[in-house]
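Each remark here refers to the structure printed beneath this line.
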Amino acid sequence: MDEDTEANIYSLLQERLQQTTVVSVGHRSTLNKYHELVLRLNKSTRQVTLEKL
């Protein structure tokens with residue numbers, strides 16, 4: 001998705017599904033503004049970290 005479509009979809013989700021948890025899988029930092037937490041999976045060390053944004 002382009003950034004405008006991404007923004008529209010996330011705004012719609014936040015507006016209409018306020019009590020819902022949204023999980024995104026992506027590599028773009030533009031997703032960070034739509035989330036409170038980031039779950040990072042490190043394949044080489046097999047570590048999982050949870051970071052608050």
Side-chain angles (χ1 to χ4, degrees):
M1 280 187 277
D2 61 55
E3 288 186 36
D4 289 337
T5 303
E6 183 179 86
N8 288 334
I9 288 176
Y10 278 98
S11 293
L12 187 63
L13 288 169
Q14 290 173 340
E15 175 187 319
R16 299 208 178 162
L17 302 172
Q18 295 176 4
Q19 300 301 317
T20 302
T21 299
V22 175
V23 177
S24 297
V25 177
H27 298 278
R28 294 192 333 216
S29 61
T30 56
L31 292 173
N32 289 349
K33 61 186 167 191
Y34 304 110
H35 296 82
E36 297 175 13
L37 300 169
V38 174
L39 181 69
R40 298 199 189 276
L41 308 173
N42 187 318
K43 184 178 179 180
S44 62
T45 63
R46 296 185 172 226
Q47 290 183 324
V48 177
T49 56
L50 186 62
E51 300 173 14
K52 189 170 183 169
L53 293 175

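Values below: every heavy atom of this structure, side chains too, minus hydrogens, waters and symmetry copies.
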Sequence neighbours excluded, every pair satisfying salt bridge (Lys or Arg N to Asp or Glu O under 4.0 Å) that has a member inside residues 18-35: Glu6-Arg28
Set of residues satisfying side chain to side chain donor-acceptor pair (under 3.5 Å) with respect to Thr20, sequence neighbours excluded: none
Test side-chain contact (heavy atoms from CB on, under 4.5 Å) applied to Asn8 - qualifying residues, sequence neighbours left out: none
Salt bridge (Lys or Arg N to Asp or Glu O under 4.0 Å) contacts in which one or both residues fall within residues 10-26, not counting sequence neighbours: none
Side-chain donor-acceptor contact under 3.5 Å, Ser29 with Asn32: no
Pairs where residues 38-53 contributes a residue and the test salt bridge (Lys or Arg N to Asp or Glu O under 4.0 Å) is met, not counting sequence neighbours: Arg40-Glu51
Residue list, side chain to side chain donor-acceptor pair (under 3.5 Å) with Thr21, at least two apart or on another chain: none
Hydrophobic cluster of Met1, others only, ordered by chain and residue number, side-chain cut-off 4.5 Å: Ile9, Tyr10, Leu13, Leu17, Val22, Leu31, Tyr34
Hydrophobic cluster (4.5 angstrom, side-chain heavy atoms) - remaining members for Leu37: Leu39, Leu41, Val48, Leu50
Partners passing side chain to side chain donor-acceptor pair (under 3.5 Å) against Asn42 (at least two apart in sequence or in another chain): Ser44, Thr45
